[in-house]
**Q** 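Okay, here's the structure, questions in a sec.
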There are 2 protein chains.
Amino acid sequence: MTTAREMFHQHGVRGVGIEAITEAAGTNKMTLYRHFASKDDLIVECLQRAAKESYLKWDELERQHPGDPKAQLHAWIGNAAECISGDWRGCEMANTAVELADDDHPAKRVIEEVKKNHRNFLAKLCARAGLDQPELAADMLGLLLEGARISRQSEGQEGPSARFKRMAEEVIATVGGLGEKA
Amino acid sequence: MTTAREMFHQHGVRGVGIEAITEAAGTNKMTLYRHFASKDDLIVECLQRAAKESYLKWDELERQHPGDPKAQLHAWIGNAAECISGDWRGCEMANTAVELADDDHPAKRVIEEVKKNHRNFLAKLCARAGLDQPELAADMLGLLLEGARISRQSEGQEGPSARFKRMAEEVIATVGGLGEKA
DNA sequence: CGTTGGTGTTACCGGTCAGTAACTATCTGG
DNA sequence: CCAGATAGTTACTGACCGGTAACACCAACG
């Protein structure tokens with residue numbers, strides 16, 4: 001199943017077949033179909049697992065800098081920047097959303113919910129960090145990250161996504177309005 | 001061929017077949033294969049046509065506000081915001097890049113070049129508009145737009161992408177450094 | 001020992017899709 | 001009026017893919 005995550009991510013959910021996944025995982029199609037009703041079902045469960053992992057990162061942030069929302073915010077930026085660098089292939093959620101043009105695919109509901117949760121977490125963090133316009137800052141940080149993950153795939157590693165960290169810091173410094181010297 | 005653009009955009013390049021395209025265009029497969037060597041070829045030519053169209057928009061910007069880079073920049077934001085609203089399905093280029101996981105697909109070269117050109121155009125415009133940090137501002141505007149186009153597909157019309165215009169204006173007001181009152 | 005539950009294997013079905021062949025119809029220009 | 005190019009039609013191939021059926025295998029557990 002971890003294998004499924006990797007292969008879906010690497011080749012896209014539409015670009016890889018069930019057989020290739022099971023083969024790579026050292027098993028076979030039948031075994032898989034005894035655990036998952038269909039390919040769509042497998043996709044959804046993969047995304048849900050990814051969602052759980054990403055939620056855990058928020059807890060980790062809190063653990064690493066307990067009671068220090070400002071440091072958590074900077075750590076969030078650091079995490080995000082680190083994700084983008086390297087030979088990455090974008091966000092599992094966003095990529096899947098693009099691939100699944102069908103709007104009523106069950107995976108879409110999962111993706112939408114997860115994205116909304118992340119935005120809300122981020123907005124709350126911005127507020128706790130004392131930013132003047134936490135909602136605006138959260139939107140900007142979110143879109144910058146989303147854009148960087150996409151740009152990474154269109155323009156490669158050297159493109160604008162390489163400057164994400166600086167942009168994000170600029171946002172919380174100027175837009176968020178920490179009061180010049182915070 | 002315009003039909004091909006629409007269908008690729010609507011259902012994704014991997015989600016629609018040659019036959020469906022030709023049928024929708026009121027013709028048939030053979031005729032298409034007399035003009036294009038393969039489906040990949042068709043994809044590439046569609047993207048190139050999309051690229052030409054997008055370049056024309058820059059000329060239009062210049063024509064609408066001749067010699068007024070600041071107005072051109074605001075008009076660019078307006079155009080972008082308008083594109084995102086409505087029942088849009090993201091950027092043809094970026095979506096295709098996500099779908100075509102294969103890195104050495106011929107379409108990838110086209111996409112990369114187009115995206116780089118747009119970034120450079122935008123950076124030059126930011127410089128002409130007198131922004132203090134035109135490169136940084138261009139990167140931010142570009143990523144915000146890219147993020148908005150993706151977020152539009154993950155979170156729907158009501159998500160952060162709806163606030164794109166305000167964010168973009170915020171960027172050129174604070175980050176670009178027009179000097180407080182420009 | 002036997003049974004039961006999970007796993008592996010093979011083969012298959014039905015469908016879709018990219019791309020081709022061969023033939024016919026239509027329109028053009030000379 | 002004829003020749004040549006272009007477009008339409010039908011049918012086909014070969015490959016892939018999602019999903020299923022039937023059956024053999026192997027373990028644990030009574």
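Letters A, B, ... mirror the listed sequences (proteins, then strands); counts begin at 1.
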**Q** Using only modelled atom types and a 3.5 angstrom limit, is any donor from either the side chain of A/Arg34 or the base of C/dG5 paired with an acceptor on the other?
**A**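 Checked by distance alone, the answer is no.
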**Q** Quick check: is A/Ile172 connected to A/Leu145 through a chain of hydrophobic side chains (ILVMFWY, heavy atoms under 4.5 Å apart)?
**A** yes
**Q** Tell me whether A/Arg163 contacts the main-chain N or O of B/Leu136 through its side chain, where contact means a donor paired with an acceptor under 3.5 Å.
**A** no
**Q** In whole Å, what is the span from the OH atom of A/Tyr33 to the P atom of C/dT10?
**A** 19 Å
**Q** Under a 4.5 Å side-chain heavy-atom rule over Ile, Leu, Val, Met, Phe, Trp and Tyr, are B/Ile150 and A/Val13 clustered together?
**A**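 Shared cluster, no.
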**Q** Under a 4.0 Å heavy-atom cut-off, which of residues 17-32 of chain B touch DNA chain D?
**A**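 Residues of residues 17-32 of chain B that come under 4.0 Å of DNA chain D are, in numerical order, B/Thr27, B/Asn28, B/Met30, B/Thr31.
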**Q** Does A/Met140 belong to the same Ile/Leu/Val/Met/Phe/Trp/Tyr cluster as A/Met167, with side-chain heavy atoms less than 4.5 Å apart forming each link?
**A** yes
**Q** Name all residues meeting the side-chain contact (heavy atoms from CB on, under 4.5 Å) criterion together with B/Ala24; count only those two or more places apart in sequence or in a different chain, and write none if there are none.
**A** B/Thr3, B/Met7
**Q** Which is it for A/Lys57 and A/Trp76 under the side chain to side chain contact (heavy atoms under 4.5 Å, CB included) test, yes or no, and what are the steps along the way?
**A** CA-CA 9 Å; A/Lys57 285 214 170 184; A/Trp76 179 88; over 6 Å; no
**Q** Please list, in numerical order, the residues of residues 35-44 of chain B that have a heavy atom closer than 4.0 Å to any atom of DNA chain C.
**A** B/Ser38, B/Lys39
**Q** Does the pair A/Trp58 and A/Arg63 meet the rule for a side chain to side chain contact (heavy atoms under 4.5 Å, CB included), with working shown?
**A** CA-CA 9 Å; A/Trp58 287 95; A/Arg63 229 182 44 239; over 6 Å; no
**Q** Kindly indicate, with the supporting measurements, whether the criterion side chain to side chain contact (heavy atoms under 4.5 Å, CB included) is fulfilled by B/Leu73 and B/Leu141.
**A** CA-CA 10 Å; B/Leu73 190 53; B/Leu141 290 176; 4.2 Å; yes
**Q** In this structure, how many angstroms lie between the P atom of C/dT16 and the CZ atom of A/Arg14, rounded?
**A**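 Computing the A/Arg14:CZ to C/dT16:P distance gives 14 Å.
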